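Below is one structure, written out as structure tokens; the observations come after it.
The first residue of the sequence shown is numbered 1, and numbering continues consecutively from there. Being a predicted model, the structure only gives us computed values, none of them experimental.
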Amino acid sequence: MARPIWTGVLTFGLVTLPVALYTATEDHTVHFHQLQRGTSDRVRNKRVNERTGKEVAADRIVKGYELEEGEYVVVEPEELEEISPGRSKVIDLAGFVDLRQVEPVYFGRTYYVGPRGTEYGKVYELMRAALDRSEKAGIATLTLRGKEYLTALRAQPDVLVLHTLHWADEVRDPGDVVPELPERRAKPDGKELRTAERLIDALTIGWDPRDQHDTYEERVKRLVAARREGEEVVGEPEPPESTSVIDLMEVLSRSVEQSRSRGREGGGGKQGGGKRGRGGKQDTGRKGAFRRKTAPRKTAPRRGRSEDLASLSKAELYERATAAGVPGRSKMTRDQLIEALGRQGAAA
């Protein structure tokens, strides 16, 4: 069994539960050593004084904060230890938030949370079931390895999981780092948007992470095996050309038809494992399940103001809700924002 990386208690109101944290993921990356070309000699990194070129022992190294070029404030390791948060033993759930409100960009690492003893199983399952039914996450801070983390505790079907979260000032504004973003108020063509939605519907699959594979890692392993046998290595094909804006509607329509054809030929992929019904059609055990994947959406397209709102991002909807003074907007999902703005439009 894996060893815990942290042990302490989880507090929930007046309830205290002894828990342990376990790493939830592992790295399968193929690792290489650095060698000098033409030899089997390892190349290693050393701490070297850049002025003298001489190696410096670890006990002779201090940390320096650069004020301006060449001018530093020197900080000793002991001084940093004195102000560090220390090893906390408590995960105190300060509040609960709707999971849908936490954007994925905030999530960092994931840990499994387990009870420290079978006698705590009842309390543990109570907390897991309550979080699962509420679809909420508990927010807390955790001190781990001398650093303080913001965390979110949530339920999976069999276990509690703890996600470390980035602090707000650690998440970069996309407008500051991504060049040439489209204008937020630029509205896509309605017909193109509906065709893109039909393409998404046609390509919708059930989520099973076991169906996905790290193909790059597999190619690296094949490369190593081929080089070991002295075989020739064939490169990957070039990526396809970018889609012209002029041909966008045509390409979308062809994509929808192509995905439908694949669905008919492949019998619906992994979801098509049922028996054949009358006329050779596949029976998945759910009425209309096979046809639903390849047929256009049954709901009528929204019109007028509702259609305008449906084409906006959550950030744009929130901006409109703020201007309109919609109460409780900060806690609303995208669909709730559309509904609230629609009601205000109807009342006006």
Side-chain angles (χ1 to χ4, degrees), residues 24-25 27-29 66 97-110 137 139 147-152 154 163-205 207 209 212-217 219-220 235-256 259 302 305-324 326 329-341:
T25 60
D27 182 19
H28 288 165
T29 303
E66 189 171 25
V97 300
D98 191 324
L99 276 172
R100 293 169 295 185
Q101 287 186 311
V102 185
E103 297 290 347
V105 69
Y106 283 93
F107 286 94
R109 302 198 65 176
T110 301
I139 302 300
K147 183 178 178 181
E148 189 174 45
Y149 293 91
L150 182 65
T151 64
R154 59 182 290 267
H163 302 284
T164 61
L165 303 176
H166 296 291
W167 300 98
D169 60 358
E170 293 177 330
V171 177
R172 303 164 82 183
D173 187 326
D176 295 337
V177 295
V178 183
E180 300 177 8
L181 279 176
E183 289 291 332
R184 293 178 59 183
R185 291 177 174 79
K187 299 178 182 178
D189 177 80
K191 189 175 181 181
E192 291 176 346
L193 181 60
R194 289 190 292 273
T195 305
E197 288 175 340
R198 287 199 296 271
L199 177 58
I200 292 172
D201 285 344
L203 294 175
T204 296
I205 60 175
W207 165 243
Q212 315 302 322
H213 302 280
D214 184 351
T215 58
Y216 175 70
E217 182 182 348
R219 292 197 299 272
V220 171
E236 293 296 311
E238 292 293 323
E241 295 182 2
S242 59
T243 302
S244 168
V245 176
I246 299 174
D247 302 329
L248 182 57
M249 187 63 198
E250 179 187 351
V251 173
L252 285 171
S253 298
R254 288 209 316 266
S255 299
V256 172
S259 62
R302 296 170 181 163
R305 180 178 175 84
S306 296
E307 184 175 44
D308 291 341
L309 294 174
S311 66
L312 299 178
S313 67
K314 183 179 178 181
E316 292 167 331
L317 291 166
Y318 184 81
E319 184 177 344
R320 290 199 181 189
T322 302
V326 174
R329 58 188 176 273
S330 63
K331 298 180 180 180
M332 290 184 181
T333 64
R334 183 176 180 276
D335 290 338
Q336 289 169 339
L337 287 168
I338 291 174
E339 184 179 350
L341 288 167

- Query: Which atom names give the shortest non-hydrogen contact between Val97 and Gln101, and what distance separates them?
  - Reply: CB-OE1, 4.3 Å
- Item | Closest approach of Leu317 to Ile338 (non-hydrogen atoms, all atoms of both residues) | CD1-CG1, 3.6 Å
- Separation between OG1 of Thr164 and CG of Leu150, rounded to the nearest 0.5 Å: 9.0 Å
- Task: Could you tell me which non-hydrogen atom of Gly108 sits nearest to which non-hydrogen atom of His166, and how far apart they are?
- Result: CA-NE2, 4.3 Å
- side chain to side chain contact (heavy atoms under 4.5 Å, CB included) between Arg320 and Leu309, worked out: CA-CA 10 Å; Arg320 290 199 181 189; Leu309 294 174; 3.8 Å; yes
- Item | CG on Leu193 to CZ on Arg198, rounded to 0.5 Å | 10.5 Å
- Query: Atom OG1 in Thr195, atom CD1 in Ile200: separation rounded to 0.5 Å?
  - Reply: 11.0 Å
- Nearest atoms (heavy-atom pairs only) where Val326 meets Leu341: CG2-CD2, 4.1 Å
- Query: Which heavy atom in Leu181 sits nearest to a heavy atom in Pro174, and how many Å separate them?
  - Reply: CD1-O, 3.8 Å
- Which residues pass the side chain to side chain donor-acceptor pair (under 3.5 Å) test with Arg100, sequence neighbours left out? Asp98
- Message: On a heavy-atom basis, which atom in Tyr106 and which in Trp167 lie closest, and how many Å separate them?
- Response: CE2-O, 4.5 Å
- First locate atom CZ of Arg154, then atom OG1 of Thr110, and finally report the distance between them rounded to the nearest 0.5 Å. 8.5 Å
